[in-house]
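All ligand and atom numbering here is 1-based and tracks the order in the structure.
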Amino acid sequence: MSTDTPDADGRSTESQTATGDHDDPLLRVDNLEKYFWANDSLLDRLLGDDPVAVRAVDGVSFDIYEGETLGLVGESGCGKSTTGETLLRLQEPTGGRVDFDGQNVYDLSGSELTEFRTTAQVVFQDPFSSLDPRMTIGDTVQQPLDVHNVGTEDERRERVRDLLERVGLSADQLDRYPHEFSGGQRQRIGIARALALEPEFLVLDEPTSALDVSVQAQVLNLLNDLQDEFDLTYLLISHDLSVIRHVCDRVAVMYLGEIVEIGPAKDIFESPKHPYTQALLESVPRASTDERERDRQTISGDVPSPRNPPSGCRFRTRCPQVIPPADVEIDQSEFRAIMDLRERIETEDISLESVGDDQFTFEDGALPASEVSGFVAALEERLLDQPLSAPHDKRVRDALEALATKDWDRAAERLRSEYETVCETTNPEHRVPETNEGHVVPNQPVACHLYGDTSRNTDDRSESPPQQ
Ligand SMILES: Nc1ncnc2c1ncn2[C@@H]1O[C@H](COP(=O)(O)OP(=O)(O)OP(=O)(O)O)[C@@H](O)[C@H]1O
């Protein structure tokens, strides 16, 4: 990680050479899974509601090498914080393992677990809520030393003074309270506390998101200096691509509980492979006027609920590159319109009674035959932004006709039989992508049906340690 002397692409030469000395990762995350259970209260059980799994983290695998900064990026709700907290064992996993220095952290107990808790620390986003307003900052930073009974009282106080100085505060301030400090200073206090036990590994969970932009850079620079000085390894969680770009050696892109792409930061930013990574990058505001004038694409819709994630590729409900069946010729905007329509029919998310401003009246669950064509036309107008080309227009009308008898299943089946895509039937495995010239890109596995050949499948982790 480095922020002080950025080169042309915003990463310093130093950061590009900061990793790669070690074949064995410091941290190896293997198929990590964390489900929460909703509808699981006594009342729910009395009401007969079944518990529902919230799949916050759903089988992620990656490695972190000593001295590097791995970025974990994705929209809000994708499972980044849950991943960070679960791998630190602040939450227990529902599946998978995490090896730290060769030991599965979920097997640790007693003194081994205590040792792990000193070695792996976290810095949270919000320095306002993560500090106890009734404790002086000296006591706050000293607390982990007290809990772990490190040194004498005098030695602990001396260490607190050193730490405060080291993070850019004055040792004279240790009797002050959090409200006497600015946001950036409070984050420095949080960092000092995280460093108190001389950890090797820090999870930085949105460490600058609550700060003013001008202060963000200072805190990132401080984290960079501390990494060099104390040989720290970072997992940096952020939804902010500019933060990730400037400080990370490698980047893992997370979507709805899964890692969709992972690779060296430079490659991810210069040559993103997964449509989600591309869409995330497209949605970043541009710095230069030329680029600002270019149309900025935003990702359509919201992240679906992790209670009921889409089948197959989870990004397919928003993806601008969904793959049509081999025998269907259709442009992407028409295919997207039909996919969205299918989704609404399959979830019965269309109010049939209100179509055409209530001009159609269902009797015994069906419309009179004379009204069906008007009803279909009104439905098309409501559900489609633009008319479809042949033969798709006819197929869609057939499906909509089934809704005139409220036969949702027949409508859904009519479209499914024509338009079912590999993106919905099959969860893509991580594969090493191929460039247009036929070169494979071994360090950038991607989970997308657009790429690769199943003979070269890999799991989520890069095949080799980060490049020098
Ligand atoms: N204790 C919990 N119980 C139930 N669901 C939870 C719990 N904690 C998190 N979730 C759900 O898990 C999903 C992932 O949340 P998480 O906070 O890990 O995402 P994130 O990518 O870090 O987003 P953000 O940046 O908004 O925190 C979300 O849908 C969230 O609502």
K.L.:
Counting heavy atoms only, name the option from G79, S305, G84, G257 that's nearest to atom 19 (O) of ligand 1.
P.N.:
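Going through G79, S305, G84, G257 one by one, G79 has the nearest heavy atom to atom 19 (O) of ligand 1.
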
K.L.:
For atom 12 (O) of ligand 1, what is the closest protein heavy atom, and at what distance to 0.1 Å?
P.N.:
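Going by distance alone, atom 12 (O) of ligand 1 is nearest to A56 CB, 3.3 Å.
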
K.L.:
State plainly whether the residues R342 and E424 are in salt-bridge range, i.e. N to O under 4.0 Å.
P.N.:
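Salt bridge present between R342 and E424.
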
K.L.:
May I ask you to decide whether R336 forms a salt bridge with D340, counting only side-chain N to carboxylate O separations under 4.0 Å?
P.N.:
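Between D340 and R336 there is a salt bridge, with a charged N closer than 4.0 Å to a carboxylate O.
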
K.L.:
Identify the closest protein heavy atom to atom 9 (C) of ligand 1: which residue and atom is it, and at what distance?
P.N.:
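Looking only at protein heavy atoms, the one closest to atom 9 (C) of ligand 1 is F36 CE1, 3.5 Å.
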
K.L.:
Only heavy atoms count here, so choose which of G77, P304, A38, S238 is nearest to atom 23 (O) of ligand 1.
P.N.:
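Answer by nearest heavy atom: G77.
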
K.L.:
Indicate whether any N or O donor in one side chain lies under 3.5 Å from an N or O acceptor in the other, for S81 and D205.
P.N.:
yes

K.L.:
So if I count the atoms of ligand 1 from 1 in the order they appear, which ones are less than 4.0 Å from some heavy atom of C78?
P.N.:
19 (O), 20 (P), 21 (O)

K.L.:
Protein heavy atom under 4.0 angstrom of atom 30 (C) of ligand 1, is there one?
P.N.:
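Protein heavy atoms within 4.0 Å of atom 30 (C) of ligand 1 - there are none.
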
K.L.:
So, does G74 sit close enough to ligand 1 that a heavy atom of it is under 4.0 Å from the ligand?
P.N.:
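Flag not set, G74 not near ligand 1.
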
K.L.:
May I ask you to list the atoms of ligand 1 that are less than 4.0 angstrom from any heavy atom of T82?
P.N.:
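Contacts of ligand 1 toward T82, numbered from 1: 15 (O), 16 (P), 18 (O).
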
K.L.:
Closer than 4.0 angstrom, basic N to acidic O: yes or no for R416 and E346?
P.N.:
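No salt bridge links R416 with E346.
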
K.L.:
Which of the numbered atoms in ligand 1 are below 4.0 angstrom from a heavy atom of P306?
P.N.:
29 (O)

K.L.:
Of all the atoms in ligand 1, which lie at a distance below 4.0 Å from a heavy atom belonging to E75?
P.N.:
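Those of ligand 1 that fall under 4.0 Å from E75 are 21 (O).
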
K.L.:
Are any of the side-chain heavy atoms of T83 and V60 separated by less than 4.5 Å?
P.N.:
yes

K.L.:
Below 30° counts as parallel, above 60° as perpendicular, anything between as tilted: where do the rings of Y255 and F315 land?
P.N.:
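If you compare the ring of Y255 with that of F315, the planes turn out perpendicular.
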
K.L.:
Answer yes or no: is there an ion pair linking D99 with R28, defined by an N-O contact shorter than 4.0 Å?
P.N.:
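Judged by the 4.0 Å cut-off on N to carboxylate O distance, D99 and R28 do not form a salt bridge.
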
K.L.:
At what distance is the nearest protein heavy atom to atom 11 (C) of ligand 1, and which residue and atom is it?
P.N.:
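Sorting protein heavy atoms by distance from atom 11 (C) of ligand 1 puts V54 CG1, 4.1 Å first.
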
K.L.:
Just to confirm my output: which protein heavy-atom neighbour is closest to atom 27 (O) of ligand 1, and how far is it?
P.N.:
S81 OG, 3.7 Å

K.L.:
Could you find the nearest protein heavy atom to atom 26 (O) of ligand 1 and give me its residue, atom name and distance?
P.N.:
S76 OG, 2.5 Å

K.L.:
Would you call E353 and K406 a salt bridge, using N to O less than 4.0 angstrom?
P.N.:
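Looking at K406 together with E353, the answer is yes, because their closest N to O distance falls below 4.0 Å.
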
K.L.:
I need the nearest protein heavy-atom contact for atom 21 (O) of ligand 1: residue, atom name and distance, please.
P.N.:
K80 NZ, 2.8 Å

K.L.:
Can you say whether the rings of F100 and F116 are parallel (under 30°), tilted (30 to 60°) or perpendicular (over 60°)?
P.N.:
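Ring orientation, 0 to 90° scale: perpendicular.
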
